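Chain identifiers are assigned alphabetically (A, B, ...) following the order of the sequence lines, protein sequences preceding nucleic acid strands; residue numbering begins at 1 within each chain. Below, all heavy atoms of this structure are taken into account, side chains as well, without hydrogens, waters or symmetry copies. As the structure is a prediction and not an experimental result, all values here were calculated from the model.
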There are 2 protein chains.
Amino acid sequence: MRVSRKQVEENKRIILEAAGRLFRERGFEAVTVTDVMKAAGLTHGGFYGYFKSKEELIAQTIAGLQGGTEPLSVDLSSVARRYLSPEHRDDYGHGCPLAALASEVSRQPGAARSEMTGVLKRQFVRFGKIAPGADDEERRRAAIGSSAAMIGALILARMTDDPDLSAEILDETRAWLSDSDPEGSASHRLSGKNPRVED
Amino acid sequence: MRVSRKQVEENKRIILEAAGRLFRERGFEAVTVTDVMKAAGLTHGGFYGYFKSKEELIAQTIAGLQGGTEPLSVDLSSVARRYLSPEHRDDYGHGCPLAALASEVSRQPGAARSEMTGVLKRQFVRFGKIAPGADDEERRRAAIGSSAAMIGALILARMTDDPDLSAEILDETRAWLSDSDPEGSASHRLSGKNPRVED
DNA sequence: CATTATACATGATAGCAATCATATATACAA
DNA sequence: TTGTATATATGATTGCTATCATGTATAATG
C-alpha cells in the first residue's frame with residue numbers, strides 16, 4: 001500500500017538509521033537487505049524503491065554517519081576518556097563508524113570509500129581544533145596520531161576475548177596518550193597547551 | 001588419488017598459507033573454500049579432509065599467522081618506519097594480520113578470537129622489549145599505545161581512497177610517534193632510553 | 001605382490017541472499 | 001469524487017557457497 005510523501009521521507013531516514021546501526025554491529029556482508037528492512041519495520045520488497053542496490057545503501061549509510069559537525073568544546077583528553085570507555089567499546093551500533101567499519105570499507109567499491117574518507121577528513125579537522133600543539137601543523141599531526149591510536153585501541157579492545165586484556169588496552173592507551181615522554185616529565189600529549197581551548 | 005603423507009603435510013601447509021594470504025587480502029567472508037583450495041592447487045572437494053569447517057580453517061589460519069617469535073633486534077622507531085610504509089600498506093596479503101583482520105575477528109566465533117588474542121599478546125610482549133620506558137610498566141604501556149597507533153594508522157591509510165591523505169596518515173603518525181610532547185622538547189616516544197637495547 | 005586405507009576429484013544438495021515481477025491499497029491530482 | 005501513480009507486500013528467480021556423497025588412483029602395509 002502506498003504511504004504519504006512525508007512517510008516516505010521518514011521511512012528513508014529510518015532505513016538509513018537502521019542500516020547504520022546494523023552495519024556497525026555486524027559489518028556489511030553479514031547484514032542482509034531483509035534485515036535492514038525488517039529493522040526499519042518494512043519488508044524486503046520495497047527496498048529497491050529506495051536504493052538501486054545494496055552497494056548504494058552502504059554508500060548512503062556512510063554518508064549519513066558523519067558524527068556531529070559542531071566543533072568539539074572539550075579537550076582531547078576528555079574525548080579519549082569517552083572514546084576509550086568500556087561503554088563505547090561495547091556499543092558497536094552507536095559507536096564510531098571508523099572503528100567499526102574502516103577495515104571493511106577498504107574492500108568496498110569506490111563510493112563507500114570516498115564517503116568514509118569524508119568522515120575521516122572531518123574527524124581530523126575537528127580533532128585538530130582541540131589538539132595540543134604550538135601551531136596548526138603540530139595540532140594536525142596530533143589529531144592524526146591520536147585518532148589512529150584511539151581507533152586502533154578500540155578495534156583491538158573489541159577483538160580480544162580476554163576481558164582483562166581488553167580493559168588494559170583501553171586504559172593503557174588512554175594513559176599513554178596523556179602521558180608524555182619516557183622520562184616522566186610533566187608534559188602531556190593530550191592536555192598540553194592549546195591556544196584555541198579556554199579552560 | 002591418494003598422495004604421500006609428506007605431501008599431505010605439505011598440502012596442509014600450502015592451504016594454510018594460501019588462506020592466510022587470501023583472508024588478509026579480502027577478509028573471511030569474501031574468500032570461499034573453493035578459492036582457498038584453488039590457490040593451493042587443489043579442488044574444493046578435498047577440503048573437508050583437512051578441516052571440519054570453514055570456521056576451523058579460519059581459526060587454524062590465525063593460529064599460523066603469528067609473526068616471528070624471535071625478539072626484535074631493532075628499536076620501535078625502525079619498526080614504525082617499516083610498518084607505516086606505503087609498501088606495507090599496499091601488501092595486505094603478507095602484512096600485519098591484526099591490521100588486516102582484527103575488525104573481522106571481532107565478529108567471529110570463539111576460536112578465531114582466542115587465536116588472534118594470542119597473536120596480540122605476543123605482539124605486546126615483543127614490542128615491550130624494545131619500547132622506551134623507565135620500567136617494565138612504562139614499556140608495556142608504550143608497547144600497547146604505539147601498537148594501537150600503528151595498527152589504527154595502517155587501517156585508516158588503507159581505507160581512504162585519497163592517496164595524499166593516505167600518505168599523510170602514514171607520515172604524520174610516524175612523526176607523531178617519534179615526536180615528543182607539544183612543547184617540542186627533545187624527548188622521543190619511540191627512540192627514548194631503553195635499557196634493553198644496545199646501540 | 002596383494003590388500004587395504006585414504007587423498008583428492010567430480011558432482012550433488014541445500015540454503016541463503018540479492019534482485020526482480022506482480023498485485024494491491026492508498027495518497028494525490030484533477 | 002474519480003482516476004492515476006506509486007509505496008509496499010508477497011512471492012518468484014537466480015546465483016553463489018558451504019557442505020556432503022561417491023568414485024578412483026595410489027600410498028601404506030604386510
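Separating the CD atom of B:Q7 from the C1' atom of D:dA25 is a distance of 15 Å, rounded to the nearest angstrom.
Put simply, the side chain of B:H88 never gets that close to the backbone of B:L154: no donor and acceptor are under 3.5 Å apart. Of the possible polar contacts, none joining the B:R21 side chain to the B:H94 backbone as a donor-acceptor pair under 3.5 Å is found. Within the 3.5 Å criterion, the main-chain N or O of A:T160 finds a donor-acceptor partner in the side chain of B:R113. At least one donor-acceptor pair under 3.5 Å links the side chain of B:R158 to the backbone N or O of B:R89. With hydrogens and angles disregarded, no donor-acceptor distance shorter than 3.5 Å links the side chain of B:N11 to the backbone of B:V8. Side chain of B:R139 to backbone of B:G133: a donor-acceptor contact under 3.5 angstrom is found.
Each of B:F47 and A:G41 lies near DNA chain D, and the nucleotide nearest A:G41 is the one positioned closer to the 5' end.
A heavy-atom distance below 4.0 Å to DNA chain C is reached by these residues of residues 49-60 of chain A, ordered by number: A:S53, A:K54. Within residues 8-30 of chain B, the residues that place at least one heavy atom under 4.0 Å from DNA chain C are, in residue-number order, B:V8, B:N11.
For the ring pair (Phe, Tyr, Trp, His ring centres under 6.0 Å) test, no residue two or more places apart in sequence or in another chain qualifies with B:F124.
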Write down the protein N/O and nucleotide N/O pairs, taken from nucleotides 10-12 of chain C, whose separation is under 3.5 Å; answer none if there are no such pairs.
unit_1: C:dG11; atom_1: O6; unit_2: B:H44; atom_2: NE2; d: 2.6

Could I get a table of every N or O pair under 3.5 Å where one atom is in the protein and the other is in nucleotides 23-28 of chain C?
unit_1: C:dA27; atom_1: N3; unit_2: A:R2; atom_2: NH1; d: 3.0
unit_1: C:dC28; atom_1: OP1; unit_2: A:R5; atom_2: N; d: 3.1

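The phosphate of D:dT19 has OP1 or OP2 within less than 4.0 Å of a side-chain N or O from B:Y48.
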Show the atom names and distances, to 0.1 Å, of all donor-acceptor pairs under 3.5 Å that link a side chain in residues 43-51 of chain B to residues at least two apart or in another chain.
none

